[in-house]
Each structure stands twice: as structure tokens, then as C-alpha cells.
Amino acid sequence: MVTRLILVLGDQLSLDLSALRAADKVRDVVVMAEVMDEGRYVPHHPKKIALILSAMRHFADELQADGWQVAYTRLDDPEAMPSIVGELIRRAEEYGAGEVIATQPGEWRLIAALSDAPLTLRQLPDDRFICSLEEFDRWAEGRKELRMEYFYREMRRKTGLMMEGDQPAGGKWNFDHDNRKRAQADLLREGPLRFEPDKITAEVLNLVESRFAGNFGALHPFWFGVTRADAAQAFDHFALHLLPGFGDTQDAMLEGDAFLHHSVISIYMNIGLLSPTDICARVVEEWQAGRVPINAGEGYIRQVIGWREYMRGLYFREGPDYVTRNALGHRRDLPAMFWGGETRMTCVAHAVGTTAKEAYAHHIQRLMVTGNFALLAGIDPAQVHEWYLAVYADAFEWVEAPNVIGMSQFADAGIIASKPYVSSGNYIDKMSDYCRSCAYSVKEKTGENACPFNLLYWDFLIRHRGRFGRNPRMGPVYRTWDKMEETRRAAVLDEAARVLGDLDAGRPV
Ligand code: DLZ
Ligand code: SF4
């Protein structure tokens, strides 16, 4: 029988991957390839590249130990081709392979490249998710509005997680209301589990250092887990030490604590080292044993079976042009402060600083600090999208693009968010301790020292009044504006123009 090639990509490191299930250990060859094109199509954070390459190498070893034949290409192999398709063609010749079996990639770019490859190639559905793409489309069909909350309820019913018969445990589907507390500094908070690099990781770190030296972000200290066993241990640590407090402070931000009670598990889940169903089963177990309050348990599984699946469904439903959408016509370039350039805004400096150091920031830093700023300042959403895709270790387009283009930047004209996620400095002040040490004053609404969020917030709303003015959920904010004194309104818009002018001139804000 003719050999077939089984493609396993860097974010497909799951033993139950559909391509592996369709394969025959004796007959087929698994192809894994470190390639320059995947490393540089956006300027990925060095920690993200190191995580993927080291996890790929460990996974290949695991497959080999399990009896698979693996053709593995390292980035520094002299015969390595620059692209995945190039590697497949080279390996097909080498093994005289007649067919390639792949699991559909999580990005339209790569799906198209595989579809166009001069090879006989089958792309199987990626079924490591709770909701298949067909099921999502059936759910979405004919609905006027796609609301995550209703989709989530379907997923609760489907999985039976935290259900009592056909009713949600605790009598409510969603306990988010309890999850908006400020956080107190706590020197004893455990934080995510950290791992020492082993020999394989050390080699990868050297390679990344030499090939991606100019990329934004710190490679060292590298503490991510890189195997399924590491990922399981990291999740266990979270479940025991951090999950009980996860709900309450989910939206809080502290200068001295980048992680609070967050699990930082998306970095493992999104490359396939942990399965969403296993994770949720464990969370429910902890809640049933009385070790975790319902708001933490429900809040956590909602992110995994609700939000994450909903993002994926929408990404594939909306199609390849989704990442180019720009409903608000925003054209400004991404300011240098997103790449670590100077800023006087403590909140942005912290969100970007954590990102540079850890290839991670939590959801409120992403949504309400950097995302909020980019939206208010009218930054080109394609540039914002590429930034998020590059700098976060958990960012793959199927999940990152709908979060950024849709949820954060409103560039899809409201498919995901029914109103733009914008706020003045007030929200950041309420949820963080950032404003205390900021050069700007969050209490000042006009003047030299006024928090830029306060100025840009109104400027954004006024610029887009034609679109949002009639949105009933935004009525109250426009009424507040209309009641302001004329001179004050003029001052706010003048000063916002000054801030935007500074951005355009490349002056630090
Ligand atoms: C992100 C990434 C990087 C940096 N490098 C590789 C690689 O060398 N080989 C590989 O198979 N995958 C890599 N990836 C992940 C792919 O970019 C990812 O599979 C697609 O973007 C689809 O999600
Ligand atoms: Fe951010 Fe404004 Fe607070 Fe400064 S005052 S930290 S810019 S919200």
C-alpha cells in the first residue's frame, strides 16, 4: 500500500487529532515541520515561537515512542523548505507518498495554501471542539442576532455541565454579576505553575534567539510547560490553588500581579496539549466537591464551552475576508507604544509591559486597556489584529480575530458586540490600581493632565454619532454629552484632537 503523509501542525498537538485517527501507524508517515513562513507571517513574540517549537519537538518524541514514524524538520535543517506546503512536497517525493491527510488548520490563510497545493490532500474537520462548524451554522441560521449567551446555554445543555435536569445549577445560567470585584495585592497568591526548560527547550531557545532576535518581547525567563504532562500539571495547580478565587476578581488588574487568579491555560489548550472537555470536567468536579464557588466554576466553563467555541464558529462562518473588515473606517497607524515605545499612561505601559515580558495579558487588559485605546484612537483594525496575533502566546487566528476584529474593535459592524466596548478612564480606575501612579489624572476630564481615555472616549462617540446615536443602549451616554456645557464640550474635543495629533506625529502620549 502506498504511504500517506499525515500533517500535524504546531497547534495540533493532540493524540486524538482527526488526521492521526485516520492514519495507520505502519503504513503512514507523520510530517511535522518547523518552517520560517509560519514563524514570520506576523512578528510573533519569541516566547510564543519557543512554546510552539519546543512543544512540537516533545510531541514528535511522544508519537515516536508510541510507534509512529515521524518525519520531523527543524528550522535549522539545511534542507528545510520555508513553507508547510514546501515541506509536504519534499516529503511526498522522499517517501513516494500518494496522499496527504491533514486536520483543517485554524486559519484561512493556511487552509487556502493546503487547498491550492499540487498534492492529493484531504482536510478533515478539526473535531477537538464541542461544537462542530456545521452545528454552529445550524444554530446561527435564521437568527437575527447571534448572542453568545444563547449559544452558551445550548452548549451547557449539550454537555450537561453544571446542569440539573434541563435547568442550570444554582438557578442561573450566568454568575458574571459576582465576578467584578477589585483585587487586593496578595504576596502569597500562587500564580501559574512555572517549568524549568529541559534540554530540548534549551536548544529551541538558542534557535529562537538566533533567528528571531529582533522580535518584540522577552524570550527569557522561559517558564511555559511544553508537554501534555506539563500542561496537565499546570491545570491541576490552577484547579487546586487559583480556581476558587477565579470568579470574584476575573476583571481586576493590579500593577504588581499580572496573573491574579487567571489560569493561563489557553496557551496549552490552543496548541492541543489540553482538551476543553477534560478541563471543564475537572472544574465541575471541584465545584461539586464544594472546593470552588459556583461563580468561579460557571465563569470558567463559560469561557471554554461558551466564548471560545462561539469565537471559532463565527470565524469560520464569516469567511476569509473577516480580518479585513473595517466598519468604522479607522485608518490611524498603531502607535509605537504598542511595541514598547514610550507612554505616560500607566495602564497601557503595564498591559504592554506584561505582554512583552510574558506573551500574555489577561482579558481585561486586552479588551479594556489596549483594545479600548486602539478603538477610541481609531487605529486601523487590521494592524490591531496583527498585533494581537503576534504578541500573545495563545493567539491563533480562529480565536484571536473574532475577539479583536469583532468584540474589541467593532470592525465587523456589530456581529459579535451589540455596542462598541469603549470606556473612559473611570472603568480602568474602578478595576485596577493603575491610575494612582499615572502621570495623568483619571478624575480630570479636560486640561493638560486629563486622562487620554476621558478625552478620546467622547471624541470617539461624537465621531461615530451617526452610527451609534440611535442605539438604545447608548442613549444615556449621548444624553450626558448633550447636557454638558458647550465650552466644556469644545475643550474635550480640542484636547482629544491634540492627543490624536501627538499620536500622528509619533509623540509619546
Ligand atoms: C505559530 C506557528 C509557528 C510560529 N511556527 C510553526 C511551525 O514552524 N510549524 C507549524 O506547523 N506551525 C507553526 N505555527 C502554527 C501555525 O501558524 C498554525 O497552525 C496556523 O496558524 C493555523 O492556526
Ligand atoms: Fe490609564 Fe487614565 Fe488611569 Fe492613567 S489615568 S492609568 S491613562 S486610565
Side-chain angles (χ1 to χ4, degrees), residues 1-35 37-38 41 52-53 55-75 77 79-137 228 269-277 312-313 315-316 320 396-399:
M1 273 195 294
V2 183
T3 300
R4 299 173 305 184
L5 301 183
I6 312 301
L7 175 65
V8 175
L9 293 166
D11 55 352
Q12 297 182 335
L13 310 179
S14 314
L15 293 174
D16 66 346
L17 191 74
S18 54
L20 287 169
R21 294 205 315 272
D24 181 306
K25 260 186 205 172
V26 179
R27 169 185 173 192
D28 300 328
V29 175
V30 175
V31 172
M32 296 181 71
E34 300 172 7
V35 293
D37 281 4
E38 293 309 305
Y41 72 100
I52 291 169
L53 301 192
M56 284 176 70
R57 290 184 185 191
H58 283 91
F59 188 73
D61 286 353
E62 197 180 348
L63 287 178
Q64 260 158 349
D66 193 30
W68 292 94
Q69 204 187 332
V70 182
Y72 192 95
T73 306
R74 293 174 176 220
L75 204 59
D77 282 348
E79 64 280 25
M81 301 298 289
S83 70
I84 295 287
V85 169
E87 274 296 303
L88 285 172
I89 293 170
R90 181 170 79 90
R91 294 298 192 185
E93 277 168 18
E94 182 182 341
Y95 289 95
E99 191 191 1
V100 180
I101 303 176
T103 291
Q104 191 182 56
E107 187 173 336
W108 288 111
R109 171 188 61 87
L110 212 47
I111 294 174
L114 294 185
S115 307
D116 297 344
L119 292 159
T120 306
L121 190 149
R122 262 194 295 153
Q123 298 189 53
L124 305 176
D126 187 347
D127 53 12
R128 297 172 298 164
F129 292 86
I130 290 149
C131 183
S132 73
L133 300 179
E134 294 72 33
E135 189 183 351
F136 186 86
D137 281 343
R228 286 188 313 122
M269 199 161 35
N270 292 354
I271 59 174
L273 297 181
L274 286 176
S275 116
T277 37
R312 174 172 183 260
Y315 175 74
F316 283 106
F396 296 90
E397 201 173 277
W398 63 268
V399 64

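Computed from heavy atoms alone, side chains included, the values below leave out hydrogens, waters and symmetry copies.
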Specify the closest pair of heavy atoms between [X] and [Y], including all atoms of both residues, with the distance to one decimal.
X: A33; Y: I84; answer: O-CD1, 4.1 Å
X: A102; Y: L121; answer: CB-CD2, 4.4 Å
X: A97; Y: V2; answer: C-CG1, 4.2 Å
X: I111; Y: P105; answer: CD1-O, 3.5 Å
X: L5; Y: L88; answer: CD1-O, 3.7 Å

For the residue pair [X] and [Y], establish whether any side-chain heavy-atom pair is separated by less than 4.5 Å.
X: Y95; Y: V31; result: no
X: L133; Y: R312; result: yes
X: D137; Y: E134; result: no
X: V85; Y: D37; result: no
X: Y315; Y: W108; result: yes
X: I130; Y: T277; result: yes
X: R91; Y: V29; result: no
X: D11; Y: I52; result: no

**OP:** Could you please spell out the steps behind the side chain to side chain contact (heavy atoms under 4.5 Å, CB included) verdict for L53 and R74?
**Re:** CA-CA 9 Å; L53 301 192; R74 293 174 176 220; over 6 Å; no
Subject >> From Q64, M32, Q12, residue fulfilling side chain to side chain contact (heavy atoms under 4.5 Å, CB included) relative to F59 >> reply: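 Among Q64, M32, Q12, the one that satisfies the side chain to side chain contact (heavy atoms under 4.5 Å, CB included) with F59 is M32.
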I'd like to know if the side chain of [X] reaches the main chain of [Y], judged simply by a donor and an acceptor atom lying under 3.5 Å from each other, with no hydrogens or angles considered.
X: E87; Y: V35; answer: no
X: D77; Y: A80; answer: no
X: D28; Y: R4; answer: yes
X: S14; Y: L17; answer: no
X: K25; Y: Q69; answer: no

**OP:** Mind checking salt bridge (Lys or Arg N to Asp or Glu O under 4.0 Å) for D61 and listing every partner two or more places apart, or none if nothing turns up?
**Re:**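 Partners of D61 under the salt bridge (Lys or Arg N to Asp or Glu O under 4.0 Å) test: none.
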**OP:** Identify, with sequence neighbours excluded, every residue that meets side chain to side chain donor-acceptor pair (under 3.5 Å) alongside R228.
**Re:**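 With neighbours one apart ignored, the set is E62.
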Original post:
side chain to side chain donor-acceptor pair (under 3.5 Å) with T120: which residues, sequence neighbours excluded?
Top reply: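 Partners of T120 by the side chain to side chain donor-acceptor pair (under 3.5 Å) criterion come out as none, since no residue qualifies.
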Subject >> Pairing of D127 and R21 as salt bridge, 4.0 angstrom limit >> reply: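 Answer for the salt bridge query: yes.
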Hey, what do you get for [atom1] ([X]) to [atom2] ([Y]), rounding to the nearest 0.5 Å?
X: L13; Y: L274; atom1: CG; atom2: CG; value: 11.5 Å
X: S18; Y: I6; atom1: OG; atom2: CD1; value: 10.0 Å
X: Q104; Y: L110; atom1: CD; atom2: CG; value: 10.5 Å

Original post:
Just by distance, with hydrogens left out, do Y72 and E34 show a side-chain donor and acceptor under 3.5 Å apart?
Top reply: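 The answer is yes; a qualifying pair exists.
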Subject >> Distance-only side-chain donor-acceptor flag, T103 / R128, under 3.5 Å >> reply: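 No, no side-chain donor-acceptor contact under 3.5 Å.
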**OP:** Apply the test side chain to side chain contact (heavy atoms under 4.5 Å, CB included) to residues L20 and L63: give CA-CA distance (whole Å), side-chain angles for both, the deciding distance (0.1 Å), then the verdict.
**Re:** CA-CA 10 Å; L20 287 169; L63 287 178; 4.1 Å; yes
Original post:
Taking the six-membered ring of Y41, is NZ or CZ of R109 closer than 6.0 Å to its centre and within 45° of its axis?
Top reply: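 Yes, R109 lies over the aromatic ring of Y41.
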Original post:
How about W398 and F129: are their ring centroids closer than 6.0 Å?
Top reply: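 Distance test on ring centres: under 6.0 Å, yes.
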Original post:
After noting the C-alpha distance and the side-chain angles of Q123 and L114, does the key distance pass the side chain to side chain contact (heavy atoms under 4.5 Å, CB included) rule?
Top reply: CA-CA 8 Å; Q123 298 189 53; L114 294 185; 3.5 Å; yes
